[in-house]
Structures are given as C-alpha cells and as structure tokens.
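FYI, side chains are in, hydrogens and waters are out, and symmetry mates aren't considered; it's all heavy atoms of this structure.
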Amino acid sequence: MFSTDPTPIAVIRVVDLETGGNGPHEVCEIGWQDVLQTDDGRWQLDHERGSLMVNPGRPISPETMAIHHILDRDVKGAPFWREIAASVLQPRRPLRALAAHRAAFEQRYCTPLLSGGAQWVCTWKCALRLWPDLPRFSNQMLRYQRMPEGLVHEIGLPAHRALPDAYVTAHHLRDMLNEATLDQLLAWSAEPGLLPRIPSGPERGKPWDQVALDVVQHFLSDRDRDARFTAETEIVRRGGEPPRKRTSAQGRLL
C-alpha cells in the first residue's frame, strides 16, 4: 500500500547495497525504498524508491558477479560512491533513521560522514525479536515465510539486486513498525542479535530455555558475538549474574 500523504509524520529509508568486492569503496549499486508514518500512526510504504549504479573503481569480482550479475560494463561511467552516497543517504526529506537487513554490512560503506550520523534499524535483528518462531531469518526467507501484504512479486525481483531487496526489506520493516515502536527497533538494532535457537553443536536448533546450563555457558566464549550475547541474556533470564566484561592488563596500565 502506498501513501499519498505529502506531509508524513516520520520517514525511514530502507537501503540495500551490492558491491564489487570487499574493499571500503566497492559499492556498485544502491537501492532504496522509503517507509513512512501517517497521521493515524500507521506505517506504510511510500512511493519514493529507486536505485543507482555506482562505479566501484576496480573490476567487479567473479564471486560477486555470480550473486548480483552486475557486469563491469553496467557501471562504466557511473559516479563513484563518495560522489553519490550522501544524496541517497541524506535526502531532502527529513529521515528518522536508515534501515537495512543485516545492517552491519551496509554500515561498513554508509559511514556516519556519508549518512549524516543517522541511526539504523537492522531488520534481521528485529525479526529475531518479533518473530522468533520462524525457522529462518534471511530477507528472502522472511518474504516467503511471511508473505507480507501488498508486496508485488515482480517488483521484488530479481533477488540480490539493490532495489528489489530494499523493496522486500521495506515490507518487513513496515510490519515491524506496526508491531513495535521505532525506539524499540532502534534499541534492538544497537545490540547484538538475540538468537532464538542454539546455533551450533549437538543441541543445534533447540530453544535456549530447553538446554542445560552448561550448554548455554559454553557459548560465553563463542567467537560469534550474537551467540555470546544470547548466552549472556539467557543466563540472566535464569537468575544468574551477567558475566563480567574482561579488561585487558594494558588497558588498566594505561
């Protein structure tokens, strides 16, 4: 559903990036879709959306071409990321926040300097909180598990292109904002992901509250930040003390 209200109460811009590799400036496409709140308090998709090709400054790697199918000839003559980013991330209409699915990826490229210091909503982290019973949480799996109302199938294709992915993510965000407040989504997004089930090992797939304490404690030293955070949260839920944060000897000396 699209809004015709020219003066929305609040606007959030959902963005999605495709890249040519792993360098700090290798964006080759950006897509966006705005979500707005109207005077009745409900959130919905706006008519404002689009995409731009970006010159990554070097050849696109075969590994990333195999994902998004953007070729070097598609970005030849396109502006560089530093030339185009702010015009998308800081549009003339006032924004309350930016949003993306697994927003940490977009934030690597959409630095505070380019985004104007905007706050971010991560729809992946928020999906873990709002819909923990779902089996998978990728953008496309959420699309077909949830079948969001109003999502035009063809506009959301092809997957792994910037505008279709932003369009799909915007439907998830709209529904999240109609279930929880923006402040709550921002708070969840600022924390690591709260995983609903054990991510690895013999107990993989089980809810955290259905495994023994020693299984939970094992994840306190996991390399994955989300797993550590979830284990800490579960221990506190069971009445335990939150683990103490380690302080390096060097830090104390300095």
Side-chain angles (χ1 to χ4, degrees), residues 12-35 48-92 95 97-127 136-144 151-173 189 192-193 223-226:
I12 300 174
R13 175 156 290 185
V14 179
V15 297
D16 184 85
L17 302 181
E18 303 301 331
T19 64
N22 293 317
H25 307 291
E26 292 189 8
V27 176
C28 62
E29 186 181 32
I30 181 169
W32 65 93
Q33 168 70 65
D34 287 358
V35 177
E48 178 59 37
R49 63 173 183 246
S51 66
L52 289 170
M53 288 296 187
V54 183
N55 189 335
R58 65 178 66 188
I60 299 173
S61 72
E63 290 80 7
T64 53
M65 279 193 287
I67 296 171
H68 51 55
H69 305 287
I70 297 173
L71 305 176
D72 291 329
R73 69 187 183 210
D74 298 327
V75 298
K76 184 179 180 180
F80 293 107
W81 178 236
R82 63 181 178 273
E83 298 170 340
I84 202 67
S87 67
V88 177
L89 302 176
Q90 301 182 59
R92 292 183 179 180
L95 297 182
L98 295 169
H101 200 73
R102 287 192 174 270
F105 176 80
E106 272 71 19
Q107 288 178 276
R108 289 170 51 189
Y109 303 92
C110 304
T111 62
L113 179 64
L114 295 174
S115 69
Q119 293 181 287
W120 284 81
V121 174
C122 175
T123 53
W124 176 73
K125 291 180 180 179
C126 295
R136 301 275 294 280
F137 296 92
S138 72
N139 199 32
Q140 295 299 325
M141 283 299 295
L142 287 175
R143 170 186 187 170
Y144 292 111
L151 194 157
V152 178
H153 186 70
E154 292 75 17
I155 299 177
L157 295 174
H160 306 301
R161 288 296 301 269
L163 175 55
D165 282 1
Y167 174 76
V168 170
T169 303
H171 283 80
H172 303 321
L173 177 64
S189 299
R223 295 178 62 184
D224 184 85
R225 184 168 177 249
D226 301 320

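Asp74 CG to Met53 CE: the interatomic distance, rounded to the nearest 0.5 Å, is 5.0 Å. Residue Tyr109 holds its OH atom at 12.5 Å from CD1 of Ile30, rounded to the nearest 0.5 Å. For the atom pair NE2 of His172 and CH2 of Trp124, the computed distance is 14.5 Å after rounding to the nearest 0.5 Å. Rounding to the nearest 0.5 Å gives a distance of 12.0 Å between OG1 of Thr123 and CZ of Phe137. Taking CG of Leu98 as the reference point, atom CH2 of Trp32 lies at 12.5 Å (rounded to 0.5 Å).
Inter-residue side-chain proximity for Tyr167 and Leu151 is flagged as met; some heavy-atom pair is nearer than 4.5 Å. Looking at heavy atoms from C-beta onward, Leu157 lies out of side-chain contact with Pro164 at the 4.5 angstrom threshold. Glu29 is not listed as a side-chain neighbour of Val75, based on a closest heavy-atom distance of 4.5 Å or more. With a 4.5 Å cut-off on side-chain heavy atoms, Glu18 and Thr64 do not count as touching. Side-chain atoms of Asp72 and Lys76, non-hydrogen and from C-beta on, never get closer than 4.5 Å to each other. Considering only heavy atoms from C-beta on, His101 comes within 4.5 Å of Leu142 through its side chain. Residues Glu48 and Arg13 are in side-chain contact: their nearest non-hydrogen atoms beyond the backbone lie under 4.5 Å apart.
Distance alone, capped at 3.5 Å, places no donor-acceptor pair between the Asp16 side chain and the Leu163 backbone. In terms of modelled atom types and a separation under 3.5 Å, the side chain of Gln33 and the main chain of Ala170 share no donor-acceptor contact. Looking only at distances, a side-chain donor or acceptor of Glu106 sits under 3.5 Å from a matching main-chain atom of Leu17.
Residues satisfying the salt bridge (charged side-chain N to carboxylate O under 4.0 Å, His left out) criterion with Arg143, sequence neighbours excluded, are absent altogether. Every side-chain contact (heavy atoms from CB on, under 4.5 Å) that Ser87 has, sequence neighbours left out, goes to Ile84.
Residues His68 and Cys28 come closest through the heavy atom pair NE2-SG, 3.8 Å. Of all heavy-atom pairs between Ser189 and Cys122, the closest is OG-N, 2.8 Å. Taking all atoms of both residues into account, the shortest heavy-atom contact from Val54 to Phe80 is CG1-C, 3.8 Å. Heavy atoms only, all atoms of each residue included: Leu114 and Gln90 are closest at O-NE2, 2.8 Å. The nearest pair of heavy atoms linking Cys110 to Ser115 is O-OG, 4.1 Å. The shortest heavy-atom contact between Val15 and Ala100 is O-CB, 3.5 Å.
Enclosure of atom CD in Gln140 by more than 12 non-hydrogen atoms of other residues, nucleotides or ligands within 6.0 angstrom is indicated.
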